[in-house]
Amino acid sequence: MIHAYKLHGDYIVADVHSGSVHIVDPVAFFAITHWDTVDDDMLRANFPGEDIEGLWEEIQSLIEQKKLFAPEIIVPAKKSAALKAMCLHVAHTCNLTCDYCFAQAGRYHGAEALMPFEVGRQALDFLLANAGKHKHLEVDFFGGEPLMNWQVVKDLVAYARSREATTGKRFRFTLTTNGLLLNDEVTDFCNREMANVVLSLDGRCAIHDRLRKTVNGQGSYDVIVPKFQRFVRARGKGNYYIRGTFTGANPDFTNDLYHMADLGFKDLSMEPVVCEKNSPHALNRDGLDTVLREYEALALEMARRKGGQKEFSFYHYNLDLAHGPCIHKRVAGCGVGTEYVAVTPMGDLYPCHQFVGEAHFCMGNVREGITRPDIRAEFAACTLHSKTECRDCWAKYYCAGGCAANAHHASGSIQGVYEDGCELFKKRMECAIWLHSRC
């Protein structure tokens, strides 16, 4: 299976099963895309005067090397029963009231709550007890707004560090914040202990303030942007992401990315809103078409800026064609419900943060462990191979079947697909492959 497309004047052929990518000329592109019927006469008729000497040998060599029209080799999905990552919901409350928030202003279909240290300690003990051979464990402090429970965050980090020497495990912490409570003390601690920090900003002031308001109904842009700029300067070479969400109000989201770059931020991410079709924030068909064009324009602009002072990275275009992830990971997916769980302030276990609050997905709790192994088994059985709608998709080994939560909320089943998300993902991959080939 191949995927052949043209972008910004280049002719690209991606071989699905080998992962090889070929940048070719128009003649080779035509020959490859008409491989079952093409011959010399057809090529000369379509490309008069073009030199086709050696073309067949080059294409045939790629086929023999299994870099073109490579056969599919079914690799079984390997989903470990051991945990390696945990999302700690230390705060089911927030100091923003973002209209599009999937977590209902951080409450996740329930009451406001802060995680007590004891629950967090039990969660970390549960992770350690169920980590198996995994040495490196990831813990994300999430909410709501985790800085509203800052002392517990610090205490849990200290507790985890105290367990490293005796268990032989190593913790990697991340934190996601809206920035309202960022200060020098938080910054210093994050720079010591957090391997990555995600900072929420939707872009231009008017776009950001339209939906990301404080509990008093005020926009938050003017408060958080200076805090983020100070944080990133102090962060130095430490990892961070400025992460935004775009909606039907700003399908021209690239202008928000460029605005972030102009503010001095280099590592950027913008995610399409995921919501009901009838939501006022949803992207309609015209909006989706605009986004597809914007992705292409973004790749071109990033190539133009490459190596310059205004260069920036875009999370979805970070692609390593030569190395990872391995084929088993490409088939198994992100580990939702198997290698990764989310923990509520009360200690309940869910497959991931996007399922929290949906009671029928509660897998157990940190005190008793997994009490619903059937839920875990359901997620273990959800792989690229189990999704019939993915079998003939050229991008399947890049997304591993996509997000289980988005699939469930769009189709009613984790084995389904989120069609709008698939369309956007495939365009992002086309652009990422092009950008990788040019830079």
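Atom set for the values below is all heavy atoms of this structure, side chains included, hydrogens, waters and symmetry mates excluded. All of these numbers come straight from a predicted model, not from anything done at the bench.
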Under a 4.0 Å N-O cut-off, is there an ion pair linking [X] with [Y]?
{"X": "E296", "Y": "K427", "answer": "yes"}
{"X": "R163", "Y": "D125", "answer": "yes"}
{"X": "E72", "Y": "K396", "answer": "yes"}
{"X": "R305", "Y": "E311", "answer": "no"}

Take atom [atom1] of [X] as the centre, draw a 6.0 Å sphere, and report whether it contains more than 12 heavy atoms from other residues, nucleotides or ligands.
{"X": "E185", "atom1": "CD", "value": "yes"}
{"X": "K213", "atom1": "NZ", "value": "yes"}
{"X": "D374", "atom1": "CG", "value": "yes"}
{"X": "K6", "atom1": "NZ", "value": "no"}
{"X": "E423", "atom1": "CD", "value": "yes"}
{"X": "I73", "atom1": "CD1", "value": "no"}

Without hydrogens or angle criteria, can the side chains of [X] and [Y] be said to hold a donor-acceptor pair below 3.5 Å?
{"X": "Q218", "Y": "S220", "result": "no"}
{"X": "R210", "Y": "Y221", "result": "no"}
{"X": "T177", "Y": "E145", "result": "yes"}
{"X": "T187", "Y": "D184", "result": "no"}
{"X": "R235", "Y": "N191", "result": "yes"}
{"X": "E301", "Y": "T254", "result": "no"}

Name the one of E430, R428, H316 that satisfies side chain to side chain donor-acceptor pair (under 3.5 Å) with Y295? R428
To the nearest 0.5 angstrom, please state how far the [atom1] atom of [X] sits from the [atom2] atom of [Y].
{"X": "L180", "Y": "N95", "atom1": "CG", "atom2": "CG", "result": "4.5 Å"}
{"X": "H281", "Y": "D99", "atom1": "NE2", "atom2": "CG", "result": "4.5 Å"}
{"X": "D140", "Y": "C87", "atom1": "CG", "atom2": "SG", "result": "4.5 Å"}
{"X": "R204", "Y": "N255", "atom1": "CZ", "atom2": "CG", "result": "4.5 Å"}
{"X": "I2", "Y": "S20", "atom1": "CD1", "atom2": "OG", "result": "12.0 Å"}

Quick check: F29 with Y5 (ring centres under 6.0 Å apart)? no
Closest approach of F253 and E294, non-hydrogen atoms and distance? CE2-CB, 3.7 Å
Please confirm whether the backbone N or O of L182 pairs with a side-chain atom of R230, one donor and one acceptor, at under 3.5 Å?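 Side chain of R230 to backbone of L182, a donor-acceptor pair under 3.5 Å: no, none is there.
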